[in-house]
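Okay, so here's the structure we're looking at.
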Amino acid sequence: MVNDNKLVYSYLRGKMLIAQDGINEGSEAEVYGWVLSIREQKTLSFVIVYENRKQVQIVIKDKKLMTSQLKQNSVIWAKGTIKITDKAPNGFEIHVRSLKVLSKPKKLPPFNIMSTDIPALDLRLDYRALDLRRPYNINLFTLRSKTLQYFREYLTSKNFLEVQTPKIIATASEGGAALFPLMYYDKQAFLAQSPQLYKEELTMSFERVFEIGPIFRAEPSRTLKHLSEAISLDVEAAFLKNDDLMNLLEDMIKYVLNKLYEKDGETVKKIKAPLLDISKKFPRYSYSDVVKWINKNVEELQEGEDLSSKHLEAFGENVGGFYFIKDWPLKLKPFYIQPLDKDYSSSFDLMYKGLELSSGGERVHDPTLLRKGLKRTGLSAKGFKYHLEVYNYGMPPHGGFGLGVDRFMMVVTGAENIREVVLYPRDVRRLVP
RNA sequence: GCCCUGGUAGUAUAGCGGCCCAGUAUGCGGCGCUGUCACCGCCGUGACCCGGGUUCAAAUCCCGGCCAGGGCGCCA
């Protein structure tokens, strides 16, 4: 069969439903796919087959074709005639004359992929590849792929260059999160917690760069929104100021969501994802505004203290959607962030309700000031020797942000647990599969 | 790292000292059904996390273990 020219051609086009004369009444068609469900009746059976992430109904009238091997999760090939009918899910079905089971399940599955009783996430993650065959997940991860595609589309159109920076790094820390140590031949190395320093350096050569890649955090956080390995969309650009960066980020988010709603509305609807309101400008509050609000509405909070998740939940509920918190206290920010004055910084977080999606700001480009930043955050200049050296050769004023792609997908899909939107999540407790 | 909660057929759940050798739905096996769409109907199958204790009596109460879920903190 695979030697059949027509078939090879179709495989190359990524189509496993092969209809010689198109989807027309009476056309010959064959389909390769996975059995999702079987509804057997006395004289005929309806089988829903997944092919190429779409559902196709096949009708089997010849009882001899209903072998015991035809079960949910069987991989089959079937050939027959197309019939156009409103009674079929997508307006057509295939009346099968011949059928082969290419791969039959060896065991009963731990859960029924079509059931409305959704098994606990922990069990589903143990059998993730099977879980991902659930129609809900097929749609969810299709949206995730589209989302990344639209991010790339947007940034590329704004003349950003996509780059990849090392994930194995030597420098212990840029401060903040704990790192995963590992042996690099005979040296101590770490998994990168972010591409921060590299992307900054790259503005000197490419001016505008972005990277979509993994970041690693060895934090013992056990929450619904933290992972040990996450995907970050990092953007960095020369000459952009705090307001420019917020404009860019806001414009990008709106571009991506508009695309999703326009081009993938069906899929969005199928997973019952919320339709996010992006008609208005995202409000921009200063850190100090938020502190004032917390003091008035939640509890006493000193200016300069970090905002806890409780504070952000309360404030976010009050705002209701996307918003920025800008001009954070300098002492809460890493060494490379540009000071606004003695106490505050040119920085911002993009929030959706209580969830932090992105963090960014202007960066220091003066090497003397950068040394001061290192000192301020208790880091040694020695560890950043190579990075500091770069700043001697014409580092432009620059800024950028990092967006948590997984968290963004939580917002897009309405998932409450970040693990739902990651194929194979890594957290404190889970390293397999 | 600290705190709280929970583990009942393959899955999702009810029961919370005796009405329970554990109920329901779904799955699985069988039979019936002329077009279904989580098809339907009937029959069957299959479970109280592990170890100790309290009690006349434990799925139910207590202690320990293992596993899981959630909150706080850290962090993004």
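Keep in mind that what you see is a predicted model, and the values were worked out from it rather than measured.
- Both geometric conditions, a ring-centre gap below 5.5 Å and a plane tilt below 30°, are not fulfilled together for F111(A) over the base of U11(B).
- Atom CZ in R39(A) sits about 10 Å away from atom P in C40(B), given to the nearest Å.
- The separation between R222(A) atom CZ and A68(B) atom P is 9 Å, rounded to whole Å.
- Taking only side-chain atoms of D117(A), from C-beta outward, the nucleotide of C75(B), U34(B), A25(B) with the closest atom is A25(B).
- A 4.5 Å side-chain heavy-atom check between Q55(A) and P135(A) finds at least one atom pair inside the cut-off.
- For Y344(A) and W328(A), the ring centers sit 6.0 Å or farther from each other.
- Side-chain atoms of E40(A) and base atoms of U36(B) include no donor and acceptor less than 3.5 Å apart.
- The ring of F408(A) has its center no closer than 6.0 angstrom to the ring center of Y352(A).
- The gap from the P atom of C28(B) to that of A22(B) amounts to 24 Å, rounded to the nearest Å.
- Atom CD in E416(A) sits about 15 Å away from atom P in G69(B), given to the nearest Å.
- Rounded to an integer number of Å, the gap from L123(A) CG to G7(B) P is 17 Å.
- Going from the C1' atom of G30(B) to that of C66(B) covers 39 Å, rounded to whole Å.
- A salt bridge links K310(A) to E299(A): one of the charged nitrogens lies within less than 4.0 Å of a carboxylate oxygen.
- Taking atom P on both nucleotides, G53(B) is separated from C74(B) by 45 Å, rounded to a whole Å.
- Of the candidate nucleotides A12(B), A38(B), G35(B), G35(B) has the atom lying nearest to any side-chain atom of E93(A).
- Of the residues near RNA chain B, P109(A) and K42(A), the one whose nearest nucleotide (by heavy atom distance) lies more toward the 5' end is P109(A).
- Closest to the side chain of R429(A), from the set G35(B), C74(B), G69(B), is G69(B).
- Residue F46(A) is the one, among F46(A) and R419(A), whose nearest nucleotide of RNA chain B lies closer to the 5' end (criterion: closest heavy atom).
- Following rounding to the nearest Å, D122(A) (CG) and C67(B) (C1') show an atom-to-atom distance of 9 Å.
- If you check G27(B), G35(B), C72(B) against the side chain of N112(A), the one that comes closest is G27(B).
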